[in-house]
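In what follows, chains are A, B, ... by sequence order, proteins preceding strands, each numbered from 1.
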Number of protein chains: 2
Amino acid sequence: MRAADRAYATVRDGILCGTYAAGSRLTETEVAQTAGVSRTPVREALRRLHAEGLVNFEPNHGAVVAAFELEDAEEIFELRALLEPVCARRAAERASPDLIAELRSLSQQQIEESSRRAAGHLARIGALNDQFHRLIQRAADSPRLAKTLSGLIEAPLILRTFAQYAPGELQRSADQHLELVQAIEAHDGAWAHSIMHAHILAGRATYLRGRRSR
Amino acid sequence: MRAADRAYATVRDGILCGTYAAGSRLTETEVAQTAGVSRTPVREALRRLHAEGLVNFEPNHGAVVAAFELEDAEEIFELRALLEPVCARRAAERASPDLIAELRSLSQQQIEESSRRAAGHLARIGALNDQFHRLIQRAADSPRLAKTLSGLIEAPLILRTFAQYAPGELQRSADQHLELVQAIEAHDGAWAHSIMHAHILAGRATYLRGRRSR
DNA sequence: GACTTGCAAATTGTATACAACATGAGGCTA
DNA sequence: TAGCCTCATGTTGTATACAATTTGCAAGTC
């Protein structure tokens with residue numbers, strides 16, 4: 001693994017896990033020591049994270065961990081509600097049987113986890129959810145769409161902290177994934193578009209409710 | 001100006017002007033010598049250009065200038081047709097009188113240039129067009145939307161080479177800009193959305209026709 | 001004659017040393 | 001005492017030296 005990748009992973013994980021709090025400074029030297037590399041690859045990693053919106057640069061003051069306000073969350077959900085349905089429609093028009101099978105498997109695992117609710121099910125569901133959405137992106141076969149969305153998917157990993165699922169919401173989310181698989185299998189772009197749109201808006205509502213209750 | 005910025009500008013201009021042809025390699029040493037800086041800022045510049053989609057990295061083989069195929073153009077127009085209308089709608093809901101005045105000024109200059117057709121009018125119109133679209137983005141006040149679109153606006157600067165305007169198309173484009181200003185001034189989001197959508201699709205048609213005629 | 005293996009050149013990746021710049025504290029002066 | 005100036009410190013920005021990896025070519029062998 002390249003040193004730049006190690007530095008990138010170190011900082012990214014630190015941000016997503018909350019080790020690096022929003023607003024805290026990331027000096028190159030400190031990150032370099034933490035990751036066990038020199039400053040050069042650290043600079044590359046920080047620039048990459050900046051491009052992804054996870055850190056900001058204050059001029060001549062280095063990098064700070066990006067803070068996500070309510071406004072940012074609204075913006076992110078608005079863009080996802082716009083782009084992911086298009087992704088789903090393209091996926092419905094293009095997906096191969098193999099890929100559909102994989103999607104189905106993911107959504108069925110998610111349904112199981114959602115009904116069993118065994119220890120650590122939230123983390124596992126989160127991972128399954130990510131995999132599902134990324135697979136849809138791959139099926140959409142649009143590099144620029146995928147790149148745009150990846151910057152919007154990263155952030156929710158932070159936002160997720162806020163999500164407090166009401167009874168039934170986990171189940172609904174999993175059910176929507178399954179319905180999306182059916183729409184894609186039927187190569188029905190409009191159906192896929194609609195259900196994905198509803199899915200994102202439902203997620204938005206869950207997030208906002210969770211946030212208000214703090 | 002920082003060395004990294006100089007390196008960035010050097011390569012970017014080279015790509016947009018066609019000095020660096022699509023597919024050609026960009027070795028760090030060569031770029032460093034051309035820009036008159038060391039390799040370190042060149043690396044940063046190339047990474048930035050990669051994030052913007054203007055260059056690609058072949059593993060352990062350095063950077064190559066990105067090539068834009070018909071497929072890429074289709075993808076870019078599809079995304080612009082999706083995002084720029086939303087931008088216009090947001091602008092209509094938010095724009096200040098000052099900003100509207102600026103937009104009006106730009107579109108009127110464009111109308112003049114389009115009817116006079118003096119020497120070099122195509123270049124000037126291109127610049128005015130860019131300014132106009134970027135100003136709409138600023139009015140939309142959505143950093144992530146702007147960032148996403150900037151990566152899609154860069155590419156058309158290359159694609160523009162293909163554009164061959166039929167008589168009246170320049171005039172129509174300028175007229176659409178003016179109508180957009182009116183929609184924004186009326187704070188009519190739906191109107192702004194519609195006219196921008198038509199505007200992008202018209203641009204797409206012009207591009208595709210120009211491309212086919214080669 | 002074709003394939004493999006080893007070497008050399010070139011290029012990227014990394015580390016470190018140095019320069020420039022901004023910042024903040026402390027003392028000096030009015 | 002308030003304001004300003006100076007200097008020390010820390011951080012980023014840049015250059016360069018070095019390491020590691022790859023690629024193409026050539027020579028040797030089967």
Any donor-acceptor pair under 3.5 Å from [X] side chain to [Y] backbone:
{"X": "His187(B)", "Y": "Glu93(B)", "value": "no"}
{"X": "Arg90(B)", "Y": "Ala140(B)", "value": "yes"}
{"X": "Ser173(A)", "Y": "Glu169(A)", "value": "no"}

Report the distance from atom [atom1] of [X] to atom [atom2] of [N], rounded to the nearest whole Å.
{"X": "Arg39(B)", "N": "dG13(C)", "atom1": "CZ", "atom2": "C1'", "result": "8 Å"}
{"X": "Arg6(A)", "N": "dG13(C)", "atom1": "CZ", "atom2": "P", "result": "15 Å"}
{"X": "Asp5(A)", "N": "dG13(C)", "atom1": "CG", "atom2": "P", "result": "10 Å"}

Problem - Check: Thr10(A) and Arg6(A) side chains under 4.5 Å, non-hydrogen atoms - result: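 Yes - at least one pair of side-chain heavy atoms lies under 4.5 Å apart.
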Exercise for the section: Can you establish whether the number of heavy atoms outside Glu71(A) located under 6.0 Å from its atom CD is more than 12? Expected result: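 Not more than 12 within 6.0 Å, no.
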Practice task
Specify the residues of residues 25-34 of chain A, ordered by number, for which at least one heavy atom lies under 4.0 angstrom from an atom of DNA chain C.
Solution key: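 DNA chain C contact set from residues 25-34 of chain A: none.
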Practice task
Report the relative orientation of the aromatic rings in His133(A) and His177(A); use parallel for angles under 30°, tilted for 30 to 60°, perpendicular for over 60°.
Solution key: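 Correct class here is perpendicular.
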Problem - Sidechain N-carboxylate O distance under 4.0 Å for Arg48(A), Glu44(A) - result: yes
Handout entry: Close approaches to DNA chain D from residues 40-50 of chain B, in residue order (heavy atom, under 4.0 Å)
Key =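 Going residue by residue through residues 40-50 of chain B, the ones with a heavy atom under 4.0 Å of DNA chain D turn out to be Thr40(B), Pro41(B).
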Exercise for the section: Could you please name the option among dA15(C), dT14(D), dG13(C) that lies closest to any side-chain atom of Val37(A)? Expected result: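 Ranking dA15(C), dT14(D), dG13(C) by closest atom to the Val37(A) side chain puts dA15(C) first.
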Problem - Interatomic spacing from CD in Gln110(B) to CZ in Arg124(B) - rounded to 0.5 Å - result: 12.0 Å
